[in-house]
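Excluded from the calculations below are hydrogen atoms, water molecules and symmetry mates; all remaining heavy atoms, backbone and side chain alike, are included.
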2 protein chains.
Amino acid sequence: MAEEKVVVKHVLLAKFKDDVSPKTIEELIRGYANLVSLIEPMKAFQWGTDVSTENLHQGFTHIFESTFESVEGVAEYVAHPAHVDFAGIFLSALDKVIVFDYKPSSLP
Amino acid sequence: MAEEKVVVKHVLLAKFKDDVSPKTIEELIRGYANLVSLIEPMKAFQWGTDVSTENLHQGFTHIFESTFESVEGVAEYVAHPAHVDFAGIFLSALDKVIVFDYKPSSLP
């Protein structure tokens, strides 16, 4: 039943502080992406900047989505020293943040 | 170069108003999912409720992610009568909403 395994998506919306330089933002994104190679339960990572036109992005500029195979996997990630170290630096560069975890379903 | 085609993810975070019943929420989710069959550029749909433990979800309770093949596809979706009709009903049931579109990249 390999096809049936649970996936948990970990979504982070970010607005960087105005005084954080593009170079620093690039380094932080690189640091975030690098967690995939350091934290076993983190299975995938993707990110992007807002290209919406509906003007409902509420000032958020970046999104980060990582993939786990269980909520326990997310908990292991959150508690992992590599994440704790990175999160301390990353969160201090943000003006606004939302973190949302969910198990994707295509069914209503 | 079929593998190179652009994907645009359209993410909506929602907090329903307190007086919106679970039954109405279910109907709204069904209506959202049904847009896939009505609007050609909308290629996929998934949703979920928050299962995060970091307490950074800022009150948001639901996430909806739909997939397009271009930003023009998103624009076509936004302007489509089926979306306009549904969005009028859906947004009126929400306390808070964020809409964020992005082209996912796994590279820093």
Side-chain angles (χ1 to χ4, degrees), chain A residues 6-14 25-34 36 44-68 70-72 74-75 77-79 83 87 91 94 96-108, chain B residues 6-14 25-34 36 44-68 70-72 74-75 77-79 83 87 91 94 96-108:
Chain A
V6 174
V7 169
V8 181
K9 296 284 189 180
H10 178 76
V11 175
L12 187 148
L13 281 167
I25 291 174
E26 195 186 317
E27 287 166 2
L28 290 169
I29 294 169
R30 188 171 297 122
Y32 203 148
N34 190 45
V36 161
F45 168 81
Q46 61 183 27
W47 72 284
T49 55
D50 182 48
V51 295
S52 70
T53 58
E54 293 177 276
N55 203 27
L56 291 170
H57 61 294
Q58 316 293 8
F60 288 96
T61 54
H62 291 69
I63 192 166
F64 303 88
E65 186 199 83
S66 33
T67 304
F68 296 83
S70 66
V71 290
E72 293 76 17
V74 180
Y77 161 83
V78 169
H83 172 264
L91 292 176
L94 302 184
K96 302 206 296 182
V97 64
I98 293 173
V99 178
F100 195 101
D101 297 348
Y102 71 109
K103 299 178 185 178
S105 168
S106 57
L107 301 175
Chain B
V6 175
V7 170
V8 181
K9 296 284 189 180
H10 178 76
V11 175
L12 187 148
L13 281 167
I25 291 174
E26 195 187 316
E27 287 166 1
L28 290 169
I29 295 169
R30 188 171 296 123
Y32 202 148
N34 189 46
V36 162
F45 168 82
Q46 61 183 26
W47 72 283
T49 55
D50 182 48
V51 295
S52 70
T53 58
E54 293 177 276
N55 203 27
L56 291 170
H57 62 294
Q58 316 293 7
F60 288 96
T61 54
H62 291 69
I63 192 166
F64 302 87
E65 186 198 83
S66 33
T67 304
F68 298 83
S70 66
V71 290
E72 292 75 17
V74 179
Y77 161 83
V78 168
H83 172 265
L91 293 175
L94 301 184
K96 301 206 297 182
V97 64
I98 293 173
V99 178
F100 195 101
D101 297 348
Y102 71 109
K103 299 177 184 178
S105 169
S106 57
L107 301 175

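Between the A/Asp101 side chain and the B/Asp50 main chain, no donor and acceptor come within less than 3.5 Å of each other.
The candidate with the highest count of non-hydrogen atom pairs below 4.5 Å against chain B, out of A/Asn55, A/Val71, A/Asn34, A/Leu107, is A/Leu107. For the set B/Thr53, B/Val36, B/Thr61, the entry with the most heavy-atom pairs within less than 4.5 Å of chain A is B/Thr61. Ranked by heavy-atom pairs under 4.5 Å with chain A, the list B/Ala44, B/Ala75, B/Pro104 is led by B/Pro104. In terms of heavy-atom pairs under 4.5 Å with chain B, the best-connected choice from A/Gln46, A/His10, A/Lys103, A/Lys9 is A/Gln46.
Note: A/Phe45 CZ to B/Ser106 OG = 8.5 Å, rounded to the nearest 0.5 Å.
Within the 4.5 angstrom heavy-atom criterion, no atom of B/Ser66 approaches chain A. Looking at B/Thr49, the atoms closer than 4.5 Å to chain A (heavy atoms on both sides) all sit in the backbone: N, CA, C or O. Of the atoms belonging to B/Val78, it is side-chain heavy atoms, and not backbone ones, that fall under 4.5 Å from chain A.
Smallest separation of non-hydrogen atoms from A/Phe100 and B/Leu13: CD1-CD2, 3.6 Å.
Considering B/His62, B/Glu65, B/His57 in turn, B/Glu65 is the only one that fulfils the side-chain contact (heavy atoms from CB on, under 4.5 Å) rule with A/Tyr102.
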Derivation of the side-chain contact (heavy atoms from CB on, under 4.5 Å) call for B/Lys96 and A/Gln58
CA-CA 10 Å; B/Lys96 301 206 297 182; A/Gln58 316 293 8; over 6 Å; no

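Heavy-atom neighbours of chain A within the stretch residues 26-33 of chain B, taken at a separation under 4.5 angstrom, comprise B/Ile29, B/Arg30, B/Ala33.
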